[in-house]
Amino acid sequence: MKLLERKVVIVTGAGGGIGRDFALAMAAQGAQVVVNDLGSSVSGEGKDAGPAHKVVAEIKAQGGAAVASTDSVADWEAANRIVKTAIDAFGRIDCVVNNAGILRDRFFFNMSVEEWKAVIDVHLNGSFYVARAAAPYFKSQNSGCYVNMTSTSGLIGNFGQANYAAAKLGIIGLSKSMALDMAKYHVRSNCIAPFAWSRMIGTIPSDTSEQQARLDKIKRMETAKIAPLAVYLASDLAEGVTGQIFGVRANEIFLFSQNRPLRSVHRAEGWTPETIAEQAIPAMRAHFYALDRSQDVFSWDPI
Ligand code: NAI
């Protein structure tokens, strides 16, 4: 039997990139897939029904079952329609993959309110809307799961992505909360931080041989390499796996740490700003984190 036989999965942003590979891989494992994609540009402008329908056609050509949805995740009513598409077409819903995303990169000091809101709307609000719309079905059937896409831009840091980093770290909190609140209904929720060569990575120059070599390495991070983990998390093989943050980069899979106290200092008589400067900070400074970016932590080439 295939791993996702009889399961109904919604993959948002499945018209291209990582989401398309999720939809294809899940359908190949027997899932009935709602291929949701607004068909917008990387910055979230415009819409096009083409990408979602094209992926549905690809799945059907391979003998799979899929239906297209071209609603935006960034709107509560539309998110409800995405879930209703699954119910109307296949009669149930077993997994929501919150994958849709856009970028509006700008240094923080220049970022406009519109750039901030657009990114928060698609990633953080969109993940909440679609997940929340599916929750009553999960609750009443006493099963279900969420796979939420996060990013090392939020987990670690990156230049020019205050909106994206905040949204992606917000998704970590959302996913953990969904895992906690829905555990009693046997619903699981996990995050994946992918590294993949997609249109989202942008245009990286390839003018010099050095740049070309770097580009070749980055291209090794194929979008299809993320799919096996998403399929696993959506399947019953992942029973008991919830509240976790995974990463995938080419052939590497990571489990990320989650925040816990690193060090504590205590003074029976309480603290003043001066004693904090004299004792608390020197005691904790050895454990401070460097002001690093994702690429400083993931400092080796993809394997
Ligand atoms: P992509 O740009 O190829 O795919 C995103 C898809 O989402 C597009 O097809 C787009 O039309 C769709 N979309 C945008 N706004 C939407 C909306 N409001 N409603 C429905 N669909 C919408 O990008 P990629 O790389 O495949 O990204 C997938 C996910 O992985 C995103 O959440 C992204 O933030 C995350 N990610 C990707 C990384 C990478 O290395 N490619 C790194 C870290 C995170």
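Here, residue 1 is the first one in the sequence, and each next residue gets the next number. Whatever order the structure lists them in is the order used to number ligands and atoms, beginning at 1.
In this structure, ligand 1 sits under 4.0 Å from heavy atoms belonging to Gly13, Gly16, Gly17, Ile18, Asn36, Asp37, Leu38, Gly39, Ser40, Asp71, Ser72, Val73, Asn99, Ala100, Gly101, Ile102, Val122, His123, Met149, Thr150, Ser151, Tyr164, Lys168, Pro194, Phe195, Ala196, Ser198, Arg199, Met200, Ile201.
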Show the atom names and distances, to 0.1 Å, of all donor-acceptor pairs under 3.5 Å that link a side chain in residues 280-296 to residues at least two apart or in another chain.
from: Ser294; atom 1: OG; to: Thr152; atom 2: OG1; distance (Å): 2.7
from: Asp296; atom 1: OD2; to: Arg293; atom 2: N; distance (Å): 2.7

Distance-only check: which donor-acceptor pairs under 3.5 Å involve side-chain atoms of residues 19-42, not counting sequence neighbours?
from: Arg20; atom 1: NE; to: Glu58; atom 2: OE2; distance (Å): 3.1
from: Arg20; atom 1: NH2; to: Glu58; atom 2: OE1; distance (Å): 2.7
from: Asp21; atom 1: OD2; to: Thr223; atom 2: OG1; distance (Å): 2.5
from: Asp21; atom 1: OD2; to: Ala224; atom 2: N; distance (Å): 3.4
from: Gln29; atom 1: OE1; to: Leu3; atom 2: N; distance (Å): 2.9
from: Asn36; atom 1: ND2; to: Ser69; atom 2: O; distance (Å): 3.4
from: Asn36; atom 1: ND2; to: Ser69; atom 2: OG; distance (Å): 3.0
from: Asn36; atom 1: ND2; to: Asp71; atom 2: O; distance (Å): 2.8
from: Asp37; atom 1: OD1; to: Gly39; atom 2: N; distance (Å): 2.6
from: Asp37; atom 1: OD2; to: Ala14; atom 2: N; distance (Å): 3.3
from: Asp37; atom 1: OD2; to: Gly15; atom 2: N; distance (Å): 2.7
from: Ser41; atom 1: OG; to: Ser43; atom 2: N; distance (Å): 3.4
from: Ser41; atom 1: OG; to: Ser43; atom 2: OG; distance (Å): 3.1
from: Ser41; atom 1: OG; to: Gly44; atom 2: N; distance (Å): 3.4
from: Ser41; atom 1: OG; to: Glu45; atom 2: N; distance (Å): 3.0
from: Ser41; atom 1: OG; to: Glu45; atom 2: O; distance (Å): 3.3

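Qualifying ring-ring contact (aromatic ring centres under 6.0 Å, His included) partners for Phe195, counting only residues two or more places apart in sequence or in other chains: Phe298.
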key: Evaluation steps, side-chain contact (heavy atoms from CB on, under 4.5 Å), between Ile172 and Leu155   = CA-CA 9 Å; Ile172 299 284; Leu155 290 163; 3.8 Å; yes
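Between Tyr146 and Phe138, the two ring planes are tilted [angle within 30° to 60°].
Crowding of Arg267 atom CZ: a count of heavy atoms from other residues, nucleotides or ligands under 6.0 Å exceeding 12.
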